[in-house]
Amino acid sequence: MHTEPPRFALIDGNTFYVSCERVFDPTLRGKPTVVLGNGDGCCIALSPEAKALGLKIGTPIFQVPKDIRDRVQVRSANFALYGDLSGRIVTILRGLFPRVEVYSIDENFVDVVGLKDPFATCLEARERILKWVGIPCCAGLGSTRTLAKAGNKLAKDQSKRAVNAGRLAVFHATPQNIDALAVEDVWGVGRRFAARLNAEGVKTAADLAALPLDHVRARYGVVLARTATELRGIACGDLELEEPDRKQLVVSRTFGRDVVDPMDALATFTTVACEKLRKRGLAAGALWVWLDGNPFKGDPFHASRAVPFPFPTQDTAEVLRAVRFLAKSIQDQANRGSGVQAYKRGGVGLTDLVQAQARQADLFFGPDEKAERTMAVLDKINAKWGRGTVGVGTVGWRVGGARPGERRRGSRDAQWRPELKALSPAYTTRWSDLLRVR
DNA sequence: TCTGGGGTCCTAGGACCC
DNA sequence: TCTGGGGTCCTAGGACCC
């Protein structure tokens with residue numbers, strides 16, 4: 001076991017989505033608050049007060065007893081807002097630390113090597129983020145990223161319910177002080193591994209670190225062996241400063257109700273997927289499309305189709321043609337029996353992604369340059385005037401830019417778009433939603 | 001005739017993350 | 001009535017090739 005000075009810190013926002021909602025709606029502070037996922041379905045974020053009422057992440061809100069539901073504040077997920085606040089936090093961290101790895105929407109790893117007092121700098125980061133963005137954070141320090149993660153969790157535990165968390169919001173984890181951390185709370189240990197580890201008497205992070213590495217390797221694989229090694233203070237990975245290129249890109253949704261004609265939904269997913277693709281400078285070598293029945297009504301229907309493109313493409317129109325073809329094939333198969341199949345979920349996946357610049361044209365196939373220039377213009381217009389201002393084909397467009405949950409009356413997309421009843425304004429990313437100060 | 005053995009690619013499933 | 005979405009990596013087994 002080594003006790004090294006900290007090399008990394010993990011800084012993250014406490015119950016991030018809830019905290020974001022509270023920045024612009026202070027009436028939520030101190031009240032049990034939940035943020036719901038797509039279609040106002042499941043709880044995806046809970047304030048501590050909501051957790052205290054017994055609510056759990058992932059629970060469908062309609063299953064929560066009414067007397068409890070009446071006591072919680074509910075918001076629909078507002079990812080435009082969360083993403084924007086997340087970016088502001090990253091900017092603050094870049095001003096304090098030499099290297100920052102954006103790990104997720106609410107977590108950042110930073111490099112603390114060479115800082116005079118890493119603990120104090122983490123406290124400073126916490127202060128600035130609280131004051132300038134309004135989000136309370138915790139920080140974990142460690143000589144490996146896994147230990148920094150562990151420290152973050154321990155900081156959360158020890159600062160819970162403290163009115164002014166202060167120094168308690170930062171914790172330096174070492175191989176010697178992680179016995180209070182349950183093994184299921186270790187980064188890299190999920191439900192399955194936790195159950196198996198518990199069964200062999202491994203209850204804490206310290207127990208896992210003490211397990212012989214070849215045993216971990218043989219029973220659980222190389223990934224968990226790395227985790228165990230990192231808990232001992234031996235780093236197996238550094239910060240990842242460059243986001244690696246995506247290998248696949250998926251857009252899928254549960255529909256607001258069962259729909260018989262899923263094409264409008266799939267066309268919308270295709271449009272969004274291709275926009276993301278071009279934004280990243282990638283092209284898709286293959287496509288897959290899938291449709292599901294409603295498992296909650298006992299319909300296990302699932303079918304998918306895939307097709308490669310002759311040449312990796314960025315062209316929404318080309319992808320859309322292929323999506324229509326595959327969807328029709330699924331529907332034909334589904335309707336061959338008795339009755340008409342209805343769908344509750346569907347998705348579009350782009351795979352075999354490559355850098356668009358690096359595509360090799362051959363004698364027979366190359367990029368459709370005219371189509372791709374058209375797409376570039378389309379992206380520019382949508383960037384300026386809002387997503388969905390212009391598009392390809394018959395997708396349900398909306399002038400001025402649509403937000404999730406906004407329906408066009410009488411349009412076909414009203415069939416599948418879930419209605420969001422409690423979406424907060426896009427305070428920071430939409431001029432018309434700016435807060436007014438009287 | 002020799003029916004072995006090693007390499008590679010693909011896919012499906014399982015595990016994890018947020 | 002209402003049931004989240006988007007990723008990665010590893011491994012085992014089969015197909016295929018030489």
For [X], which contact category applies under a 4.0 Å heavy-atom criterion: base, sugar-phosphate, or nothing?
{"X": "A:Lys421", "value": "nothing"}
{"X": "A:Leu249", "value": "sugar-phosphate"}
{"X": "A:Asn294", "value": "nothing"}
{"X": "A:Tyr220", "value": "nothing"}
{"X": "A:Val186", "value": "sugar-phosphate"}
{"X": "A:Phe16", "value": "nothing"}

Going by the side chain to side chain contact (heavy atoms under 4.5 Å, CB included) test, name the single residue among A:Leu231, A:Leu224, A:Leu147 that passes it with A:Val186. A:Leu231
Side chain to side chain contact (heavy atoms under 4.5 Å, CB included) partner of A:Lys149, the single match among A:Thr227, A:Leu10, A:Leu154: A:Leu10
Kindly point out which of [options] is positioned nearest to the side chain of [X]?
{"X": "A:Gln63", "options": "C:dG5, B:dC17, C:dT3", "answer": "C:dT3"}
{"X": "A:Trp187", "options": "B:dC17, C:dG5, C:dT3", "answer": "B:dC17"}
{"X": "A:Lys344", "options": "C:dT3, C:dG7, B:dC18", "answer": "C:dT3"}

Rounded to whole Å, please give me the gap between [atom1] in [X] and [atom2] in [N].
{"X": "A:Trp290", "N": "C:dG5", "atom1": "CH2", "atom2": "C1'", "answer": "10 Å"}
{"X": "A:Lys149", "N": "B:dC18", "atom1": "NZ", "atom2": "C1'", "answer": "8 Å"}
{"X": "A:Asp292", "N": "C:dG4", "atom1": "CG", "atom2": "P", "answer": "11 Å"}

Phosphate OP1/OP2 of [N] contacted by [X] side-chain N/O (<4.0 Å):
{"X": "A:Arg253", "N": "C:dG4", "value": "no"}
{"X": "A:Arg345", "N": "C:dG5", "value": "yes"}
{"X": "A:Ser252", "N": "C:dG6", "value": "yes"}
{"X": "A:Thr254", "N": "C:dG5", "value": "yes"}

What residues form a ring-ring contact (aromatic ring centres under 6.0 Å, His included) with A:Phe193, not counting sequence neighbours? A:Tyr220
What interatomic distance, in whole Å, is found between C1' of B:dT3 and the corresponding atom of C:dC17? 15 Å
Could you check whether atom CZ of A:Arg71 has more than 12 heavy atoms from other residues, nucleotides or ligands sitting under 6.0 Å from it? no
What pairs of nitrogen or oxygen atoms, one from the protein and one from nucleotides 10-16 of chain C, lie under 3.5 Å apart?
{"unit_1": "C:dC10", "atom_1": "OP1", "unit_2": "A:Arg226", "atom_2": "NH2", "d": "3.3"}

What is the base-pairing partner of C:dT11, counting Watson-Crick and G-U wobble geometry with both distances under 3.5 Å? B:dA12
Return the 5'-most residue of the pair A:Lys247, A:Lys297 with respect to DNA chain C, ranking by each residue's nearest nucleotide. A:Lys297
Would you confirm whether the ring centroid of A:Phe109 sits within less than 6.0 angstrom of the ring centroid of A:Phe8? no
Do NZ/NE/NH1/NH2 and the carboxylate oxygens of A:Lys279 and A:Glu275 come within less than 4.0 Å? no
Would you call A:Arg75-A:Asp25 a salt bridge at under 4.0 Å N-O? yes
When rounded to the nearest 0.5 angstrom, what is the spacing between SG in A:Cys43 and NZ in A:Lys51? 11.5 Å
